[in-house]
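So the structure is just underneath, and the comments pick up after that.
Below, chains carry the letters A, B, ... as their sequence lines are ordered, and counting in each starts from 1. Computed from a predicted structure; not experimentally measured.
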2 protein chains.
Amino acid sequence: MKLSQRGEYALRALLVMGMNHGPGVIRIKDIAQQQNIPRRFLEQILNDLKSAGFVQSKRGVAGGYRLQRGPGEISLADIIRHLEGPLAPVGCVSVNYYQRCSCPDEGKCAIRSVMQEVRDAIVGVLEGVSVAHLCDRVRDLQGPLENPLDYVI
Amino acid sequence: MKLSQRGEYALRALLVMGMNHGPGVIRIKDIAQQQNIPRRFLEQILNDLKSAGFVQSKRGVAGGYRLQRGPGEISLADIIRHLEGPLAPVGCVSVNYYQRCSCPDEGKCAIRSVMQEVRDAIVGVLEGVSVAHLCDRVRDLQGPLENPLDYVI
DNA sequence: ACAATACTTGACTCAATCAGTCGGGATTCT
DNA sequence: AGAATCCCGACTGATTGAGTCAAGTATTGT
């Protein structure tokens, strides 16, 4: 699994939305400025996240984006799978994007058995972390702040 | 970490050399045929592995390749790092290929802290497996065979 | 009503990487 | 000498990554 720029931007944007989760929406422009993401590119990314059901949008003057589900219900594994495809290092051990490889017998492939373990290790971490967990980490890492809005992602 | 075709071929070739480790060499042609790898492409790959010190070669009529170090001394982590670059999903948590990312404070980056864990999980598996271990797995997975040369990778 | 604000959609560019291919040169064994 | 084998660099064609851009549609404050 390799996280592309696109993927990293998506996570950062989702994290901003997680930190400000509530009934209101956040403008794309604000996310872009706060996180130093090219605005046009971010539009594209958020659109993608929207059609995947991770976020919802509101148009017009007071428009913007917000998380569709609660931050506790979105795991990083889900997000990254949607954005980057398989978490597994090779297709033949991927559960969600399985692809047969050229070796004669997968059941007896030693390389595959190692890659299986790698996959499990990656998935183990990523399934266990939700956007809400990420928010918790942000708060833990920041320590006590005077202004609770004054955080860094 | 994503394993490219090139990387997979390299592992398969190294595994063949591991299974036949001894004073003699193996012809590139034989590896290519046995593993169904395009010969010219494999030449390129083995050349790379040679200049990295994983294998050594012998030219001329009875020429070929063999492992330079013992199969127990080459970890998959080393091989893949050489072939594919960083094992980490993002540059800012890579030990061997560190690259600063654009977030304002790495020490307080929640995403980074998760990626750190992913990296550790991947490296944990891959550092622990050598070519010799791979060979053991081949033998385990095959079960008892009539002809000990009749194995699959 | 209407202008301003913000999201929407699809096409487009530019560079890098991947997966090979190819031609010919250098060595070594017989 | 001649065949087998490795050695080396250049080349190609397809795909992906990171953005950019233009023109459009919906919503709302006044």
Using a cut-off of strictly less than 4.0 Å between a heavy atom of the residue and any atom of DNA chain D, enumerate the qualifying residues of [range] by number.
range                     : value
residues 76-94 of chain B : none
residues 42-58 of chain A : A:Gln44, A:Lys58
residues 23-40 of chain A : A:Pro38, A:Arg40

| request: Carefully, step by step, assess B:Leu49 and B:Leu83 under the rule side-chain contact (heavy atoms from CB on, under 4.5 Å). | output: CA-CA 8 Å; B:Leu49 291 177; B:Leu83 260 45; 3.7 Å; yes
Per the salt bridge (Lys or Arg N to Asp or Glu O under 4.0 Å) rule, what does the pair list look like for [range], sequence neighbours excluded?
range                       : value
residues 114-123 of chain A : A:Glu117-B:Arg137
residues 104-113 of chain A : A:Arg100-A:Glu106, A:Glu106-A:Arg112
residues 8-29 of chain B    : B:Glu8-B:Arg12, B:Arg27-B:Asp30
residues 50-64 of chain B   : none

| request: Return the set of residues passing salt bridge (Lys or Arg N to Asp or Glu O under 4.0 Å) with B:Glu127 (not counting sequence neighbours), or none when no residue passes. | output: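 Only B:Arg81 meet the salt bridge (Lys or Arg N to Asp or Glu O under 4.0 Å) criterion with B:Glu127.
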| query | What are the two closest heavy atoms between B:Asp78 and B:Phe54, and how far apart are they? | reply |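 Minimum heavy-atom contact is O-CZ, 3.8 Å.
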| request: Mind listing the closest non-hydrogen atom pair of A:Val131 and A:Gly18 along with its distance? | output: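 Smallest heavy-atom distance, with atoms named: CG1-CA, 4.1 Å.
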| query | On DNA chain C, which is the earliest and which the latest nucleotide, 5' to 3', with an atom closer than 4.0 Å to a heavy atom of chain A? | reply |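 The contact span of chain A on DNA chain C goes from C:dA4 to C:dA11.
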| Considering residues at least two apart in sequence or located in another chain, which fulfil the side chain to side chain donor-acceptor pair (under 3.5 Å) criterion with B:Gln56? |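 If we apply the side chain to side chain donor-acceptor pair (under 3.5 Å) test to B:Gln56, skipping adjacent residues, the hits are B:Arg66.
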| Which residues satisfy the side chain to side chain donor-acceptor pair (under 3.5 Å) test with B:Gln5, sequence neighbours excluded? |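 Expected list: B:Tyr9.
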| Single-linkage hydrophobic cluster B:Leu46~B:Met19, side-chain heavy atoms < 4.5 angstrom |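 Linked, B:Leu46 and B:Met19 end up in one cluster.
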| query | Linking I/L/V/M/F/W/Y whenever any side-chain heavy atoms sit under 4.5 Å apart, do B:Val16 and B:Val25 land together? | reply |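 No, because B:Val16 and B:Val25 fall into different hydrophobic clusters, even though each may have its own neighbours under 4.5 Å.
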| said: I want to check something: taking the side chain as every heavy atom from C-beta on, are A:Gln35 and A:Leu42 in contact at a cut-off of under 4.5 Å? | reply: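 No, every pair of side-chain atoms sits at 4.5 Å or beyond.
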| Is there side-chain contact between A:Arg6 and A:Asp48, with heavy atoms separated by less than 4.5 Å? |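 Yes, close enough: below the 4.5 Å cut-off.
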| More than 12 foreign heavy atoms under 6.0 Å from CD of B:Gln34: is that the case here? |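 Counting other residues, nucleotides and ligands, CD of B:Gln34 exceeds 12 neighbours.
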| said: Need two values: the first and the last nucleotide of DNA chain D, 5' to 3', having an atom under 4.0 Å from any heavy-atom of chain A. | reply: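 Taking any atom under 4.0 Å from a heavy atom of chain A, the span is D:dA18 to D:dT28.
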| More 5' along DNA chain D: A:Val61 or B:Gly64, using each one's nearest nucleotide? |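 Nearest nucleotide further toward 5': that of B:Gly64.
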| said: Under 4.0 Å, counting only non-hydrogen atoms across every strand here, what does A:Gly60 touch: a base, just sugar-phosphate, or nothing? | reply: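 Here A:Gly60 touches the bases of the nucleic acid.
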